[in-house]
Novice: 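Below: one structure in structure tokens.
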Amino acid sequence: MSDPAAPPAAMPALFIGHGSPMNAIEDNAFSREWANLARHWPRPRAILCISAHWETRGIHVSAAAQPETIHDFHGFPKPLFDVRYPAPGSPALAQRVAELLGVAPGSHRVHLDPARGLDHGAWSVLRVIYPKADIPVVQFSLDSAQPGAWHYALGRRLAALRDEGVLIVGSGNIIHNLRLFSFHEREVPDWARRFHGLSRRLIENSDHAALSDYPALGGDARYAIPTPEHYLPLLYVLAAQRPGERPAFFNDVVISALSMTSFVIGAGAG
């Protein structure tokens, strides 16, 4: 029998290339990998998700006790709009996030949002990893006007949550250029192939400074990251990495101008 007073097991940090919202309801190679993830680590007390699909000015944290399921997309079939992910929120974790950032809840630097629900960057992957929707989920917004080093610094402060039983999840795509994405021709352009190789090498080498300064990575990076919101969740996961931890990659493929590359730090991915 476990000791209820024992400290929670340290949780991993997870970056998910979430791709199409349809991955939430389709049985495919990507969703099958997601479905197997949770068996590699203890059950988290809560989840902090940094999603590409919540952009704000300044720092916002969801503090709803029962967040709604947000269907923030269009043009998809009705079954996707019918999905509900009724996971509870955690106002206590939201306040803890504000404490770790060194500012008081409700200050001009951190806004605790009591009405914010879960966008599809969060629920589309979590409903596959934790289908019972019984683990509290809090979302952390992205101020995409800020440079990568700013986001990485915030992630360093939030990394302590791993020792408090919180699973840190970044949900986005390292390569995400929908303007150049082809639904009919899945051939990978040369720039995407090169940036995929470069970004993977930098992740494997823990070169967080280079990954944070992504505009300096050259022309391929400008194609891969035309806007930063899908890339920035990566930096929060890297910021939670500890000495000696190696990333375990999965779904490491590029489809046209979109990469599904994912990895976990602090636990095996199978």
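For the numbers below, each heavy atom of this structure counts, side chains included, while hydrogens, waters and symmetry mates do not. This one's a predicted model, so the numbers in the text were calculated from it and none came from an experiment.
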Novice: One pair to check against salt bridge (Lys or Arg N to Asp or Glu O under 4.0 Å): R242 and E245. What are the steps and the verdict?
Specialist: CA-CA 6 Å; R242 297 171 178 176; E245 290 183 330; 5.0 Å; no
Novice: Rounded to the nearest 0.5 Å, what separation is found between the CZ atom of F250 and the CG atom of D252?
Specialist: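 Answer for the CZ-CG pair, F250 versus D252, is 10.0 Å.
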Novice: Would you find more than 12 non-hydrogen atoms of other residues, nucleotides or ligands less than 6.0 Å from R186 atom CZ?
Specialist: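 It does: R186 CZ has more than 12 such atoms within range.
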Novice: Looking only at the side chains, is there a donor atom on one of H18 and H176 sitting less than 3.5 Å from an acceptor on the other?
Specialist: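 Judged by distance alone, the side chains do not pair up.
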Novice: Holding to side-chain hydrogen bond (donor to acceptor under 3.5 Å, both in side chains), I want the full list of residues that pass it with E68, two or more places apart in sequence or in another chain.
Specialist: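 With sequence neighbours excluded, E68 shows a side-chain hydrogen bond (donor to acceptor under 3.5 Å, both in side chains) to no residue whatsoever.
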Novice: Return yes if some donor-acceptor pair links the side-chain N/O of S141 with the main-chain N/O of H60 below 3.5 Å, else return no.
Specialist: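 Judged by distance alone, yes, a pair lies under 3.5 Å.
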Novice: CG/L238 to NE2/H208 distance, rounded to the nearest 0.5 angstrom?
Specialist: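 Interatomic distance, L238 CG to H208 NE2, rounded to 0.5 Å: 4.5 Å.
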Novice: Which heavy-atom pair separates M260 from G19 by the least distance, and what is that distance?
Specialist: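 M260 and G19 have their closest heavy atoms at SD-CA, 3.6 Å.
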Novice: Does K132 have any side-chain hydrogen bond (donor to acceptor under 3.5 Å, both in side chains) partners at least two apart in sequence or in another chain, and if so, which?
Specialist: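 K132 satisfies side-chain hydrogen bond (donor to acceptor under 3.5 Å, both in side chains) with no residue once adjacent residues are dropped.
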Novice: Report the C-alpha separation of R96 and E164 in whole Å, then their side-chain angles, then the decisive distance to 0.1 Å, and conclude whether the salt bridge (Lys or Arg N to Asp or Glu O under 4.0 Å) test is met.
Specialist: CA-CA 10 Å; R96 176 63 176 144; E164 300 174 19; 2.6 Å; yes
Novice: List for me each residue that meets side-chain hydrogen bond (donor to acceptor under 3.5 Å, both in side chains) alongside R127, sequence neighbours excluded, and say none if there are none.
Specialist: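 For R127, no residue satisfies side-chain hydrogen bond (donor to acceptor under 3.5 Å, both in side chains) once neighbours in sequence are set aside.
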Novice: Indicate the ring-plane relationship of Y214 and Y231, choosing parallel, tilted or perpendicular according to the 30° and 60° boundaries.
Specialist: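 Tilted: the ring planes of Y214 and Y231 meet at 30° to 60°.
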Novice: Apply ring-ring contact (aromatic ring centres under 6.0 Å, His included) to Y223 and list each qualifying residue two or more places apart in sequence or on a separate chain.
Specialist: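 Testing Y223 for ring-ring contact (aromatic ring centres under 6.0 Å, His included), a comparison that skips the adjacent residues, returns W191.
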Novice: Regarding S31 and N28, do their side chains bring together a donor and an acceptor under 3.5 Å, going by distance alone?
Specialist: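 Looking only at side-chain atoms, N28 and S31 do form a donor-acceptor pair, the distance falling under 3.5 Å.
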Novice: Report the residues that fulfil side-chain contact (heavy atoms from CB on, under 4.5 Å) with P21, sequence neighbours left out, ordered by chain and then residue number.
Specialist: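 By the side-chain contact (heavy atoms from CB on, under 4.5 Å) rule, P21 matches F73, F76, L80, H120.
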Novice: Counting heavy atoms not belonging to R156, are there more than 12 under 6.0 Å from its CZ?
Specialist: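 Count not over threshold, so no.
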Novice: Show me the pairs that pass salt bridge (Lys or Arg N to Asp or Glu O under 4.0 Å) and involve residues 212-239, at least two apart or across chains.
Specialist: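 For residues 212-239, and leaving out neighbouring residues, the salt bridge (Lys or Arg N to Asp or Glu O under 4.0 Å) pairs sorted by first residue read R194-D220.
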Novice: So, Y236 versus Y152, ring centres under 6.0 angstrom or not?
Specialist: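 Aromatic pair excluded; centres sit 6.0 Å or further apart.
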Novice: Should the heavy atoms of other residues, nucleotides or ligands under 6.0 Å from CD of Q66 be counted, would the total exceed 12?
Specialist: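 Counting other residues, nucleotides and ligands, CD of Q66 exceeds 12 neighbours.
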